[in-house]
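Data first, discussion second: the structure below is written as structure tokens.
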Amino acid sequence: MTAELIDGKAIAASVRADVTTAAAEVSEILGRSPTLATVLVGEDPASEVYIRNKHAACAEVGIESVHRSLSADIDEGELVALVESMSVDPEIDGILVQLPLPSGLDEDRVIGAISPDKDVDGLTTSNAGLLATGRPGLVPCTPAGVIEMLDRIGFELEGAEAVVIGRSQLVGRPLVSLLLQRNATVTVCHSRTRDLAATCRRADLVIAAVGVPGLVGPDFIKPGATVIDVGINRTEDGLVGDVEFEPVAEVAGAITPVPGGVGPMTIAMLLANTVSASRPRD
Ligand code: NAP
């Protein structure tokens with residue numbers, strides 16, 4: 001392998017160390033710890049693990065967390081009322097509703113009940129609008145983590161040719177806005193893009209957020225380019241990304257592994273967003 005390995009675990013640990021300092025500062029001002037409320041509806045085992053991991057990560061950096069588990073057959077109005085009550089609770093700074101919700105519950109309506117200044121996942125239309133118009137707000141954790149990672153390895157975004165593969169609300173679109181804010185030249189590709197490999201080969205930075213194992217091969221990569229693999233795919237060989245890691249690492253200048261790349265950054269940015277949401281505003 002010739003590419004430099006971008007160690008997401010180590011970068012996330014340094015973000016968490018900064019968040020620990022910031023959480024202690026805010027605790028002094030508030031007289032209590034920054035507090036994240038999580039809501040889980042139904043009994044999806046993967047979601048239960050994600051929630052447990054988020055609570056453990058909060059505890060490590062000095063963020064208090066509270067949790068509500070609700071039955072999958074909860075009435076939508078009741079769920080919305082719970083989220084609205086958290087939105088006005090002065091002891092709660094951040095709210096995270098674990099997605100996906102069980103079928104029959106309207107995710108847009110439930111997410112819409114989160115106060116935008118407590119929306120630590122950056123999923124409300126209000127925060128999406130602020131991001132799309134280049135104004136400050138809470139930014140979705142995975143795209144924020146990708147930018148933080150690039151900053152911490154010293155990647156110069158200004159003027160760089162960046163190709164983002166994927167245009168989801170959760171990852172691709174917010175990434176495009178963040179890259180534009182940083183003056184990268186951005187191309188966004190998706191399932192109808194005609195020649196994906198040729199488009200990617202122009203790029204100094206390729207970010208894959210697709211969900212197709214091994215989609216990005218070495219023929220997609222300009223020698224020396226930086227490759228960020230957001231994809232998480234469960235296969236018979238375990239967790240893999242959207243990038244064919246070994247052959248691409250022979251061409252790229254720097255590359256993230258899966259696991260151990262973007263994944264740890266996502267949770268670190270959730271913690272950063274929670275502390276940022278807890279800071280008293282003038
Ligand atoms: P998504 O909502 O399914 O979006 C996938 C995007 O990829 C869509 O825009 C789709 O195009 C595009 N696409 C699908 N097949 C393609 C192909 N063959 N060629 C080019 N583009 C193609 O997924 P997502 O929520 O953005 O997540 C993407 C991946 O990131 C998943 O593997 C997910 O598990 C992972 N993820 C990781 C983290 C993390 O913490 N590391 C966080 C979130 C997500 P169309 O728009 O045309 O359909």
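Atoms within a ligand are numbered from 1 in the order they appear, just like the ligands themselves. The chain is numbered in sequence order, starting from 1.
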Atoms in ligand 1 flagged as close to Leu196, the criterion being non-hydrogen separation under 4.0 Å: 19 (N), 20 (C)
Worked verdict on Leu205 versus Leu179 for side-chain contact (heavy atoms from CB on, under 4.5 Å): CA-CA 11 Å; Leu205 171 65; Leu179 290 165; 4.1 Å; yes
Min heavy-atom dist Thr193 to ligand 1 below 4.0 Å: no
side-chain hydrogen bond (donor to acceptor under 3.5 Å, both in side chains): pairs with one or both residues in residues 254-271, sequence neighbours excluded: Thr142-Thr266
Distance in Å, Ile92 CD1 paired with Ser85 OG, rounded so as to fall on 0.5 Å steps: 7.0 Å
Charged N-O contact under 4.0 Å between Asp219 and Arg201: no
Nearest neighbour in protein (non-hydrogen) for atom 26 (O) of ligand 1: Ser168 OG, 2.5 Å
Ligand 1 contact by Ala209, heavy-atom criterion under 4.0 angstrom: yes
Any side-chain donor near an acceptor of the partner, Asp237 and Thr235, under 3.5 Å: no
Closest protein heavy atom (residue, atom, distance) for atom 8 (C) of ligand 1: Arg167 N, 4.0 Å
Ligand 1 atoms in contact with Gly263 (distance to a heavy atom under 4.0 Å): 40 (O), 41 (N)
Proximity winner for atom 15 (N) of ligand 1, if only heavy atoms of Val188, Val230, Val210, Ile228 are counted: Val210
Nearest neighbour of atom 10 (C) of ligand 1 from the list Ser191, Gly261, Pro140, on a heavy-atom basis: Ser191
Distance filter under 4.0 Å to Asn233 heavy atoms, resulting ligand 1 atoms: 32 (O)
Taking atom 33 (C) of ligand 1 as the reference point, the nearest protein heavy atom with its distance: Ile232 N, 4.1 Å
OG-CD1 distance between Ser87 and Ile114, expressed to the nearest 0.5 angstrom: 6.5 Å
Subset of ligand 1 atoms that lie under 4.0 Å from at least one heavy atom of Gly166: 6 (C), 7 (O), 9 (O)
Residue from Lys118, Arg32, Arg279 passing salt bridge (Lys or Arg N to Asp or Glu O under 4.0 Å) with Asp93: Arg32
Proximal atoms of ligand 1 relative to Ile165 (non-hydrogen, under 4.0 Å): 20 (C), 21 (N)
Gly172 touching ligand 1 at heavy-atom level, < 4.0 angstrom: no
Under 3.5 Å: N/O of Thr266 near N/O of ligand 1: yes
Structural part of Thr142 in contact with ligand 1, heavy atom criterion under 4.0 angstrom: side chain
Glu250: side chain to side chain contact (heavy atoms under 4.5 Å, CB included) partners, not counting sequence neighbours: Met1, Thr2
Nearest neighbour in protein (non-hydrogen) for atom 21 (N) of ligand 1: His190 C, 3.2 Å
Under 4.0 Å to a heavy atom of Gly211 - the qualifying atoms of ligand 1, by number: 29 (C), 31 (C), 32 (O)
Polar contact flag, side-chain donor to acceptor under 3.5 angstrom, His67-Ser69: yes
Ile63 CD1 to Leu271 CG distance, which is reported to the nearest 0.5 Å: 4.5 Å
Arg152, CZ: over 12 other non-hydrogen atoms inside 6.0 angstrom: yes
Top protein contact for atom 18 (N) of ligand 1, by heavy-atom distance: Leu215 CD1, 3.9 Å
Which atom of Pro34 lies closest to which atom of Val275, heavy atoms considered: CG-CG2, 4.4 Å
Taking atom 44 (C) of ligand 1 as the reference point, the nearest protein heavy atom with its distance: Val171 CG2, 4.0 Å
